[in-house]
Undergrad: 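A single structure is presented below for examination.
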Protein chains: 2
Amino acid sequence: MNSLTEENYLKALFNLAIENGEVSVNELSKHLQIKMPTVTSMMKKLAEKKLVSYESYKPLRLTEKGRREAALVIRKHRLTEMFLVEKMGFGWEQVHEIAEQIEHIHSPEFFEKMDELLGFPRFDPHGSPIPDKTGKMEWLHYSKLSDCKIGDTVRLAAVTHTSEDFLKFLNARELKLGLKIKIKTIESFDGSMLVSYGKHSSEHLSGLVCERLLVEKE
Amino acid sequence: MNSLTEENYLKALFNLAIENGEVSVNELSKHLQIKMPTVTSMMKKLAEKKLVSYESYKPLRLTEKGRREAALVIRKHRLTEMFLVEKMGFGWEQVHEIAEQIEHIHSPEFFEKMDELLGFPRFDPHGSPIPDKTGKMEWLHYSKLSDCKIGDTVRLAAVTHTSEDFLKFLNARELKLGLKIKIKTIESFDGSMLVSYGKHSSEHLSGLVCERLLVEKE
DNA sequence: TATTTGTATTAGTTTAATCTAACAAATATA
DNA sequence: TATATTTGTTAGATTAAACTAATACAAATA
Ligand SMILES: [Mn+2]
Ligand SMILES: [Mn+2]
Ligand SMILES: [Mn+2]
Ligand SMILES: [Mn+2]
């Protein structure tokens, strides 16, 4: 059984490896805010447990076993976030920190029950897919809002950042998942947009915000 | 902030000190299944934090601060058990182990929300009182079933043991909190009883079982 | 009271997870 | 290519929480 610490390393490796499957010690160190020598020694330990393939000076890579165990921690995290929002009445901006702790509870029954009570949801409150019990996760064909063109009408499908500040910012503008958004203008020099959605006929979104919103083109 | 380990020591001290407020290193060591030298050194640490009053070779005693912090951990434990039973559909025999982990989550909002959704319950699924937010806990005037007399009619109010085995044993006999129980006979040599309750007109309960059932006399 | 038994402490070791300082390898730059 | 910078590793220290072995104290018993 993996410790809380090991689970956090696995999760970080999984999330950082989305693109090419490779992660550097440096990246991981920065992401976890843990110094490089500590990361190196944990990688040796996880390699010992066959969760990571590690060779000196080579990029890190989760093994199949490591990928599965990481996905199962992420499953617990996302089910928890969904439960907190759907069954306990928390806002989507409040749940990440709590889930960060509950994801380490060791009790298959507990998460099974959550899953069941939620009706086996496929996405968490921020639009991220929930891995299944075998650790498989379907990756979706979303685009960043910042990559869309003037005139496009898109549906807000997910957010890539889950900090309380950012989500409160979206709350204040009534930007929720599922909303239809129309792009009116794009400022090419800073990537900011003027968009309309719901009752909001003209909202200005900075380039940074547009980068963090994932949309589905209709 | 107290670590998970410290929280477990505080809780154990609180539970063992119910009678006279004093606990020996030996008792605590046995209860936690941790060797005495480890307990001694943790007591010094908790004394440093003003949670325990410790002098060599003297009995251990929680300070007022220690008592309050212990009660707040127990509050988290019992609210969790209640939530698992009432809101998630677990049986009372399944919840202790999960609560043993969730009691260490650091999030006032999470437990506030549970409390609220449960309608501010005063007892957990095993009949134990839930301390309030300030750490106060009302202790009730229950008797052991084993201390009752032939002919007494009592209401099952709480159980003093929460192991899965014991609670499954009670489930099998449909013994639930709130039931009215009538004592038909008592075997003086082993303390076992013949009782009737609900649809059960004549059930035999061993002395051990009778010791673990707390009842309210009518 | 002297001795035995049980309880508690001290001293020193272990493991997990972190750190800093020093050094080595790989990569980027001049 | 030579040098500088960035990245990664090694060595050694630290802290929390556990352990064992040895020793000291306290309580019970002879
Ligand atoms: Mn999250
Ligand atoms: Mn976490
Ligand atoms: Mn319990
Ligand atoms: Mn616990």
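In what follows, every chain begins at residue 1, and chains take the letters A, B, ... in the order their sequences are listed.
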Undergrad: Among residues at least two apart in sequence or on other chains, which ones pass ring-ring contact (aromatic ring centres under 6.0 Å, His included) with A:H96?
TA: A:H77
Undergrad: Let me know, please, whether A:Y57 or A:Y9 comes out on the 5' side of the other along DNA chain C by nearest nucleotide.
TA: A:Y9
Undergrad: One thing to verify: whether A:R78 and A:E81 come together as a salt bridge, which I'm taking to mean a side-chain N less than 4.0 angstrom from a carboxylate O.
TA: no
Undergrad: Which whole-number value in Å describes the distance from A:K58 NZ to C:dA26 P?
TA: 9 Å
Undergrad: Name the orientation class of the two ring planes belonging to A:F83 and B:F83 (parallel below 30°, tilted from 30 to 60°, perpendicular beyond 60°).
TA: perpendicular
Undergrad: Holding to salt bridge (Lys or Arg N to Asp or Glu O under 4.0 Å), I want the full list of residues that pass it with A:E27, two or more places apart in sequence or in another chain.
TA: none
Undergrad: Could you tell me how far apart B:N26 (CG) and D:dA26 (P) are, to the nearest whole angstrom?
TA: 16 Å
Undergrad: Please answer whether the main-chain N or O of A:L62 pairs with a side-chain N or O of A:R67 as donor and acceptor at a distance below 3.5 Å.
TA: no
Undergrad: On the nucleotide D:dC19, are OP1 or OP2 found under 4.0 Å from the side-chain N or O atoms that B:T38 carries?
TA: yes
Undergrad: Taking CE from B:M43 and P from C:dA8, how many angstroms apart are they, rounded to a whole number?
TA: 12 Å
Undergrad: What is the minimum heavy-atom distance between A:F111 and A:L79, and which atoms define it?
TA: O-CD1, 3.9 Å
Undergrad: Measure from CD on B:E22 to P on C:dT7 and round the result to the nearest Å.
TA: 16 Å
Undergrad: Run the salt-bridge test on B:E69 and B:K50 with the 4.0 Å N-O cut-off and return the result as yes or no.
TA: no
Undergrad: So what's D:dA30 paired with, Watson-Crick or G-U wobble, going by both distances under 3.5 Å?
TA: C:dT1
Undergrad: Take the protein atom CD of A:E55 and the nucleotide atom P of C:dA24, then report the distance between them rounded to whole Å.
TA: 21 Å
Undergrad: When the distance from CG of B:L28 to P of D:dA18 is rounded to whole Å, what number comes out?
TA: 11 Å
Undergrad: Rounded off to whole Å, could you give me the CD-to-C1' distance for the A:E6 and C:dT18 pair?
TA: 14 Å
Undergrad: Without decimals, in angstroms, what is the distance between A:K35 NZ and C:dC19 P?
TA: 5 Å
Undergrad: Give me, pair by pair, the N or O atoms of the protein and of nucleotides 10-14 of chain C that are less than 3.5 Å apart, along with how far apart they are.
TA:
| from | atom 1 | to | atom 2 | distance (Å) |
| --- | --- | --- | --- | --- |
| C:dT10 | OP2 | B:K44 | NZ | 2.3 |

